Amino acid sequence: MAQQRVLGVDPGLTRCGLGCVDIDPRRQVRLVEVGVVRTPPHLSPELRLLAIAEALEDWIARLGPGAVSIERVFAQDNLRSVISVAQVMGVAMVAGARAGLEVAQHTPSEAKAAVTGSGTADKAQVMAMVARILGLEGPPRPADAADALAQAICHGWRGGGTGVDGSTEMVSAAGAVRASARTPAQRQWAAAQAAARRTGAVDPRRRR
């Protein structure tokens with residue numbers, strides 16, 4: 001398997017984290033670029049989304065990733081917040097599709113589990129492990145940047161991406177949805193997440 005370049009996106013209207021990494025067949029990860037797109041609250045929503053879309057298009061054109069991996073948020077207490085996050089997710093999906101890239105989605109729990117070994121790790125743990133994986137002197141800041149890198153690393157290491165129920169695949173390329181090879185542990189993790197949501201268990205992310 002050749003080296004892959006993945007652009008991770010931590011969607012947010014005020015701050016949208018972007019992190020691009022190269023991952024080789026030995027699972028070694030190298031930082032390509034990391035940053036945060038900020039949009040001022042006084043701008044109208046369509047202009048803020050346009051600014052994020054233009055930034056995404058610039059990153060894709062300059063860095064040439066083979067895949068875009070977007071953090072998928074399925075529940076939040078703040079309805080206004082979840083709507084704006086969903087809008088940015090859509091912008092990122094369109095940017096990836098327009099460039100003909102593989103587009104995937106991973107939940108925050110999946111990204112946390114990939115980089116720390118625990119789906120309930122806190123932000124400080126995620127930032128510390130991302131820095132360690134990438135060999136950085138300090139953790140990427142702000143947290144949105146670290147989350148974007150965790151998203152990219154997660155996709156590079158495990159592939160796939162969860163669908164609506166947390167167990168089906170949501171990875172596409174050129175309009176075709178494909179399934180990825182998951183290890184038994186990864187399948188067990190996805191099944192547990194889906195079961196927890198069906199039984200109404202509390203999502204650990206909602207305790208933050």
Side-chain angles (χ1 to χ4, degrees), residues 4-23 27-39 48-49 51-74 76 81-82 84-97 99 101-116 119 121-162 170-171 205 208:
Q4 57 179 321
R5 177 166 290 188
V6 183
L7 174 61
V9 181
D10 178 42
L13 194 56
T14 300
R15 294 187 310 274
C16 179
L18 300 177
C20 188
V21 299
D22 284 336
I23 304 175
R27 293 167 59 91
Q28 297 296 308
V29 187
R30 183 183 69 85
L31 175 64
V32 177
E33 190 168 332
V34 64
V36 174
V37 182
R38 290 179 168 85
T39 65
R48 299 175 75 182
L49 291 170
I52 293 170
E54 290 176 340
L56 280 163
E57 290 170 358
D58 172 67
W59 277 58
I60 290 171
R62 286 190 300 104
L63 305 179
V68 176
S69 185
I70 307 159
E71 180 176 292
R72 184 174 68 83
V73 178
F74 61 86
Q76 279 190 2
S81 177
V82 77
S84 65
V85 169
Q87 290 172 332
V88 178
M89 287 172 61
V91 166
M93 292 168 70
V94 169
L101 305 179
E102 176 178 291
V103 177
Q105 299 176 49
H106 298 276
T107 67
S109 295
E110 290 170 332
K112 290 176 182 179
V115 300
T116 72
D122 60 27
K123 286 191 177 293
Q125 290 173 304
V126 172
M127 293 170 73
M129 283 305 300
V130 166
R132 180 176 177 181
I133 290 167
L134 294 172
L136 306 178
E137 293 183 358
R141 295 183 184 280
D144 312 85
D147 287 345
L149 289 170
Q151 183 70 205
I153 294 168
C154 174
H155 184 69
W157 279 357
R158 70 182 294 261
T162 56
M170 281 281 286
V171 182
R205 289 170 298 148
R208 292 184 300 185

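Along the sequence shown, residues are numbered consecutively beginning with 1. The basis for the numbers below is simple: all heavy atoms, side chains too, and nothing from hydrogens, waters or symmetry mates. Predicted model only: the values in this text are computed from it and were never measured.
- In terms of heavy-atom proximity, Cys16 sits nearest to Val88 at SG-CG1, 4.1 Å.
- No donor-acceptor pair under 3.5 Å is formed between the side chain of Glu54 and the backbone N or O of Ala51.
- Residues Val21 and Ala152 come closest through the heavy atom pair CG2-CB, 3.8 Å.
- In terms of modelled atom types and a separation under 3.5 Å, the side chain of Arg5 and the main chain of Leu63 share a donor-acceptor contact.
- When the options Val6, Asp22, Ile133, Val115 are evaluated for a side chain to side chain contact (heavy atoms under 4.5 Å, CB included) with Val29, the one that passes is Ile133.
- No side-chain donor-acceptor contact under 3.5 Å links Glu110 to the backbone of Cys154.
- Note that the CD atom of Glu102 and the NE2 atom of His155 stand 4.0 Å from one another [nearest 0.5 Å].
- At a threshold of 4.5 Å between non-hydrogen side-chain atoms, the residues Cys20 and Arg62 do not count as touching.
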| request: Could you go through the side chain to side chain contact (heavy atoms under 4.5 Å, CB included) check for Leu7 and Glu33 one step at a time? | output: CA-CA 9 Å; Leu7 174 61; Glu33 190 168 332; over 6 Å; no
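- Across every non-hydrogen atom of Pro65 and Ile60, the tightest pair is CD-O, 3.6 Å.
- A donor-acceptor pair is defined here as one N or O able to donate and one able to accept, closer than 3.5 Å; such a pair exists between the side chain of Thr39 and the backbone of Leu13.
- No more than 12 heavy atoms of other residues, nucleotides or ligands shown are found within 6.0 angstrom of CZ on Arg132.
- Here the side chains of Thr14 and Arg48 are in contact, with some heavy-atom distance below 4.5 Å.
- Val34 is not listed as a side-chain neighbour of Leu18, based on a closest heavy-atom distance of 4.5 Å or more.
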| query | How far apart are the C-alpha atoms of Asp10 and Gln151, what are their side-chain angles, what is the distance that settles it, and do they pass the side chain to side chain contact (heavy atoms under 4.5 Å, CB included) test? | reply | CA-CA 7 Å; Asp10 178 42; Gln151 183 70 205; over 6 Å; no
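- Note on residues 134-144: pairs passing side chain to side chain donor-acceptor pair (under 3.5 Å), not counting sequence neighbours, are Arg15-Asp144.
- The closest side-chain heavy-atom distance from Pro139 to Val130 is not below 4.5 Å.
- Although no hydrogens or angles enter the test, the distance criterion places no donor-acceptor pair under 3.5 Å between the side chain of Glu71 and the main chain of Pro11.
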